[in-house]
Peer 1: 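Just passing along the structure, written as structure tokens.
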2 protein chains.
Amino acid sequence: MPPKKYHHGDLKNALIEAGIKILSKEGVGGLSLRKVAKQAGVSHSAPYAHFTDKQSLIAAISTEGFKQLYAELDAAISSNAGDPKQQLMEGAWAYVQFAMNNTDTFKIMFSGALEKEKAYPAFVEISHKTFERVADIVSACQDAGVLRPAPVEIMAVSVWGQLHGIISLILEGQVSHVVLDRFNIQEIVAFAMNQLISDESAA
Amino acid sequence: MPPKKYHHGDLKNALIEAGIKILSKEGVGGLSLRKVAKQAGVSHSAPYAHFTDKQSLIAAISTEGFKQLYAELDAAISSNAGDPKQQLMEGAWAYVQFAMNNTDTFKIMFSGALEKEKAYPAFVEISHKTFERVADIVSACQDAGVLRPAPVEIMAVSVWGQLHGIISLILEGQVSHVVLDRFNIQEIVAFAMNQLISDESAA
DNA sequence: GTCTAAATCTTGACATCGTCAAGATGATAT
DNA sequence: ATATCATCTTGACGATGTCAAGATTTAGAC
């Protein structure tokens, strides 16, 4: 974090953090370039010195979100070294917790507000790295007989998809209270992961 | 479908269909109330006679989408009566196909552009009915030993979450081409469903 | 059939938004 | 010190969501 040094200082990062702040306070719909600029104390078109357009800012925010998600995933893995099953469980819970603690950042990361033809290489890179981290856990679990044998990529997509789908449905309010009153989210996630775990290992 | 009968005729439905059309041609970002109005041949604020605001139109479009999804799910169930496993597989594929054939409608249905405090009772109803349909299949599969014994709701959330997560990740471009080149989407979906199916049944 | 009330639609306006162009200001390198 | 470049401001544009006022058409009461 370089200190103030220029007209404003480190505006680019200030804008990203302002964006994250607005996202958490006003949600995805409340995020505008002008509000971000005002929050950072600059004029409404100052962001254009650092971001080509709004999508570009969103890409930067999403990249930041992925970095944090990656770090928490990594922590879950490290603190359960040698225990693949626990890595899977704790990693899954880390993913879900990240989504719940950063709801709107999480939504924007996967909102498809990005993509199209534009590249955003930093975003693509950290996103792929995150997937590889998931694949690492999956691979370790397969070696330990916790997950069934299968091509790693397709099993990793299953695991990630399972997590992502459950938390997405919950965040969008699609899971009725009838269900959420009976089971807490940690139970649901653990249940879902256990479904993927091979029977011999679960026993 | 009542025929033309008034100033415009059945404007409310015309606006919904115009919205779906714009959605499919220009994507979620291209959907504006004014464009919808123009497409329907009315002035820019005519929609306010039928929808309180943009969210309300989106709710109506989403409701329409859920009705179609429900119908296709229902068809998959009916045409495989007596074979729960096939109902699960075909139902899953129907869900994924709906998402792929109506990408942007699907996205807006789950984009959380809705919810908040507002109710949209028609949307909530069809959405719950859809979940119940999934639960029906799950219950039948459990009875047939295709899915493991467990509370129906939590198993249904797993199944739906698995499907929803996989297709969402794919639609948002989060699944790398390395994976998609090796496996087609039907394979991935079938694999994921098979992971949830109990070992005895799969054998 | 006429009249009134309600539903429907149009016109015009406003604030907000993303974006661009022109210019000002501060930093950097020679 | 000066020239060049990055950074930021001001002002403008069209598009958008929404509201207010009024016009038009339909439906219902008599």
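Proteins come first, then strands; the chains are lettered A, B, ... in the order of their sequence lines, and each starts at number 1.
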Peer 1: Taking atom types as modelled, find out whether A:Q68 and A:E72 have a side-chain donor-acceptor pair closer than 3.5 angstrom.
Peer 2: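 There is such a pair between these side chains.
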
Peer 1: Under 3.5 Å, is there a donor-acceptor pair between the side chain of A:K54 and the main chain of A:L33?
Peer 2: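 No.
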
Peer 1: Just the rounded figure in Å: distance from P of D:dT7 to CZ of A:F51.
Peer 2: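 Rounding to the nearest Å, CZ of A:F51 and P of D:dT7 are 11 Å apart.
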
Peer 1: Output the rounded distance in Å from CD1 (A:I58) to C1' (C:dC17).
Peer 2: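 So the CD1-C1' distance, A:I58 to C:dC17, works out to 13 Å.
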
Peer 1: Ignoring the backbone of B:K54, work out which of D:dG17, D:dT16, D:dC19 is nearest its side chain.
Peer 2: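 Within the option list, the nearest is D:dG17.
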
Peer 1: In whole Å, what is the span from the CG atom of B:L11 to the P atom of D:dT25?
Peer 2: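 Taking CG of B:L11 and P of D:dT25, I get 15 Å after rounding.
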
Peer 1: CG of A:L31 versus C1' of C:dT16: gap in Å, rounded?
Peer 2: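 Distance check: A:L31 CG to C:dT16 C1' gives 14 Å.
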
Peer 1: Of all the choices, C:dT19, C:dC9, D:dT9, which nucleotide is nearest to the side chain of A:Y48 once you look at every atom?
Peer 2: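 Per side-chain heavy atoms of A:Y48, the pick is C:dT19.
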
Peer 1: Using side-chain heavy atoms (C-beta onward) and a distance below 4.5 Å, is A:F98 in contact with A:L73?
Peer 2: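 Not touching, per the 4.5 Å side-chain cut-off.
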
Peer 1: Counting side-chain heavy atoms from CB outward, which of C:dT19, D:dC8, C:dA13 is closest to B:R34?
Peer 2: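 It is C:dA13.
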
Peer 1: Any base atoms under 4.0 Å from B:K38, or only sugar-phosphate, or nothing? Heavy atoms, all strands.
Peer 2: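 Since no nucleic acid heavy atom lies under 4.0 Å of B:K38, the category is nothing.
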
Peer 1: Could you please spell out the steps behind the ring pair (Phe, Tyr, Trp, His ring centres under 6.0 Å) verdict for B:F106 and B:H164?
Peer 2: CA-CA 10 Å; B:F106 180 80; B:H164 188 76; 5.5 Å; yes

Peer 1: Please give, in whole Å, the distance from C:dG18 P to A:L57 CG?
Peer 2: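 These atoms are roughly 10 Å apart.
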
Peer 1: Establish whether the base of C:dT11 is bridged to the side chain of B:S45 by a donor-acceptor pair shorter than 3.5 Å.
Peer 2: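 Side chain to base: pair present.
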
Peer 1: Any side-chain N or O of A:H44 less than 4.0 Å from the OP1 or OP2 oxygen of D:dC8?
Peer 2: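 False: A:H44 side-chain N/O out of range (4.0 Å or more) of D:dC8 OP1/OP2.
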
Peer 1: In whole Å, I'd like the distance from the CG atom of B:D53 to the P atom of C:dT16.
Peer 2: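 Between P of C:dT16 and CG of B:D53: 18 Å.
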
Peer 1: For C:dC17, take OP1 and OP2 only and decide whether either is under 4.0 Å from a side-chain N or O of A:S32.
Peer 2: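 A:S32 to C:dC17 OP1/OP2: side-chain N or O found under 4.0 Å.
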
Peer 1: Could you measure the distance from the CD1 atom of A:I108 to the CG atom of A:L23? Nearest 0.5 Å is fine.
Peer 2: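 The distance works out to 5.0 Å.
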
Peer 1: How many whole angstroms separate atom CG of A:L33 from atom P of C:dG18?
Peer 2: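 My rounded result for the distance is 5 Å.
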
Peer 1: How close or far is atom C1' of D:dT26 from atom CG of B:D10, stated in whole angstroms?
Peer 2: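 The distance from CG of B:D10 to C1' of D:dT26 comes to 15 Å, rounded to the nearest Å.
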
